[in-house]
Amino acid sequence: MLDIRLLRDDPEAIKSRVKTRGGEAWTLIDEILVCDEKRRSGETEKQQLQSERNRISKEIGQLKKSGEDSSEVEAEVRKIGERIKSIGEEVDAADARQTELLLQIPNLPHEGCPVGEDETANPVIREWGEKPSFDFDPVDHVELARKNSLFDFELGARVSSSGFVTFTGIGARLERSLIQFLLDLHTTEHDYREVSPPFIINRDSMFGTGQLPKFEEDMYGLEDGSYFLAPTAEVPVTNLYREQLLSQSDLPIKMTAYTPCFRREAGSAGRESRGLIRMHQFDKVELVNIVRPEESGDFLEELTAEAELVLQKLGLHYRTIELCTGDLGFSSAKTYDIEVWAPGHGGYLEVSSCSNFFDYQARRMKLRFKDEEGKNRFCHTLNGSGTALPRLYVALVETYQQSDGSILIPEPLQPYLGTDRIGA
RNA sequence: GGAGGGGUGGCAGAGUGGUCGAAUGCGUCGGUCUUGAAAACCGAAGUGCCGCAAGGUACCGUGGGUUCGAAUCCCACCCCCUCUGCCA
């Protein structure tokens, strides 16, 4: 949520920054300011009346104590009470509307954010490694899975529906090994504290990180929308600190979590989602940082490097891009995407998205800390995938496939999988 | 699921209709003392909102209600604890 004071101070500047994202959210800003004005003037009037009421009520107490008649004054106060109530209702309505609208305004893109309409305008920041070359025609992960019985979409559909998969045998163990490898990496080399949160999430938390109110239809709702299946561990993990007042020495907080993620992904079937690439349920190891505002820029670089190290350790070629204004997620101010090369697929796959939310989420969830002057300030929150599992899996098997259909396992993963090769 | 108890400031914990934004302790910050620290002593300090400011106002789990006036009384809901049932 944006600070209302930003909107008051320079609405046109804010509008134009919001506009760079595309969409129509900026058109709500005028109404927000109308509500704000209405709310504030109503509040002032209401408070004057309340002050009046408090004063007179005290007099009544005095009168009663000394045994005098107070019925006339009581009638007067009753009238004030009625006016307070009616003005209060107007103020509440304006306040509710203002909040409702404000929740729909996305975060402001970072000042240095490249301006562009869509993903074609995202600059590549760096690349690591090279595309592997093959002396045979590499196949895609779906074919490799068929040859080696790694996973089965029909078995996913039988017990659930399309968009779900069942990993089998060594294929299931590979998934589990990757999760273990990632958690161990981040907790031992990157100083993360591991948490294992609930997967069923309440509405307040979904508002806190920005999934609600705008993206309710993308989520799996439970119990009439009172709860949701977690779309990403970002939600439960960041919200562990919702409505907390931290002391400065608590920061930075770095947490990692493995969770499955559940997304409806409505209307996104097709070539770009073949095989494991876009599922309704997928595993992910997430990295979450809660930091002091002046440090969040550095932490985004660090967080991104931590995610990149995963791919380096596994020897997978990737590139890192920065999202332009038009491609930036709703709550994010600055985002790097890490895209791993999948030779069978013949393209790059997004395996990680690392974002700095500034105080946008913290303001929504009232997550603050006491600074050195004793002032309460909103923290900055960041998160990044470290990494998403299915696409990592895809890149791994496609990169290390052999001409006979077997798959070599990179050295760091071997202790987890208990072998250096799958198949043949 | 059943029975009982409870949710108050960063934390713990008093407070059952007006003088309570709220005792006290811990923790925090400033000072005295000390070479420095600790201890001791003195002092400061809740959060949001409205207001240029002075100041005002709201907030005692959440939402309603009673009342001239609610942390305090009533209703509903949420959460936590203890006991108990079922159970991975």
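Lettering of chains follows the sequences in order, A, B, ..., and the numbering in each one begins at 1. None of the values given here were measured: they were computed from a predicted structure.
Nucleotide B:rG10 holds its C1' atom 18 Å from the NZ atom of A:Lys375, rounded to whole Å. As rounded to whole Å, 9 Å separates atom P of B:rC50 from atom CD1 of A:Ile4. For the pair A:Lys85 NZ and B:rU57 P, the computed distance is 21 Å after rounding to whole Å. Rounded to whole Å, the distance from CG on A:Asn376 to C1' on B:rG46 is 9 Å. Here the P atom of nucleotide B:rG46 and the CZ atom of A:Arg377 are 20 Å apart, to the nearest Å. Spacing between atom CZ of A:Arg39 and atom P of B:rA58 amounts to 17 Å, rounded to whole angstrom units. Rounded to an integer number of Å, the gap from A:Arg368 CZ to B:rG9 P is 13 Å. Counting to the nearest Å, the P atom of B:rU47 and the CG atom of A:Asp371 are 11 Å from each other.
Summarising the base pairing, B:rA71 is matched to no nucleotide, lacking a Watson-Crick or G-U wobble pair whose two defining distances lie under 3.5 Å. Nucleotide B:rA58 is matched to B:rU47 when pairs are restricted to Watson-Crick or G-U wobble geometry with both distances under 3.5 angstrom. In a base pair of the Watson-Crick type (N1 to N3 plus N6-O4 or O6-N4) or a G-U wobble (N1-O2 and O6-N3), with each distance short of 3.5 Å, B:rG4 is matched with B:rC81.
Only the P atoms considered, B:rG25 is 12 Å distant from B:rG43, to the nearest whole Å. B:rC74 sits 30 Å from B:rU84 when the C1' atoms are compared, rounded to a whole Å. When the P atom is used for both B:rG5 and B:rA53, the distance is 49 Å, rounded to whole Å. The gap from the C1' atom of B:rU47 to that of B:rC52 amounts to 23 Å, rounded to the nearest Å. B:rA44 sits 41 Å from B:rU82 when the C1' atoms are compared, rounded to a whole Å. Annotation: B:rG15 and B:rG9 have their P atoms spaced 16 Å apart (nearest Å). With P as the reference atom, B:rA70 and B:rC59 are 8 Å apart, rounded to whole Å. B:rG18 and B:rG13 have their P atoms separated by 25 Å, given to the nearest Å.
Proximity note for A:Ser57 (side chain, C-beta onward) versus B:rG65, B:rG51, B:rG18: the nearest is B:rG18. Of the candidate nucleotides B:rU47, B:rU57, B:rC68, B:rU57 has the atom nearest to the side chain of A:Asn54. Looking at the side chain of A:Ile60, the nearest of the listed nucleotides B:rU47, B:rC50, B:rC68 is B:rC68.
Using cut-offs of 30° and 60° for the angle between ring planes, the A:Phe151 and A:His141 rings count as tilted. Under the 30°/60° scheme for interplanar angles, the aromatic rings of A:Tyr360 and A:Phe330 are found to stand perpendicular.
Between the side chains of A:Tyr258 and A:Glu286, no donor-acceptor pair is found at a separation under 3.5 Å. Looking at A:Thr387 and A:Ser385, their side chains never bring a donor and an acceptor atom within 3.5 Å of each other. For the residue pair A:Ser406/A:Arg421, the side-chain donor-acceptor check at 3.5 Å is satisfied.
When the nearest nucleotides of RNA chain B are assigned to A:Arg5 and A:Arg55 by heavy-atom distance, the more 5′-ward of the two goes with A:Arg5. When each of A:Asp92 and A:Tyr227 is assigned the nucleotide of RNA chain B bearing its nearest heavy atom, the one mapping closer to the 5' terminus is A:Asp92.
Contact annotation for A:Arg8: backbone-only contact, meaning every heavy-atom pair under 4.0 Å involves sugar-phosphate atoms and none involves a base.
Tested against A:Gln248 for a side chain to side chain contact (heavy atoms under 4.5 Å, CB included), the candidates A:Glu372, A:Arg377, A:Lys370 yield a single pass: A:Glu372.
The aromatic ring centres of A:Phe369 and A:Phe378 sit 6.0 Å or more apart. The ring of A:Tyr220 has its center no closer than 6.0 angstrom to the ring center of A:Phe228.
Of the residues in residues 46-53 of chain A, A:Gln47, A:Gln50, A:Ser51 come within less than 4.0 Å of RNA chain B through at least one heavy atom, sorted by number.
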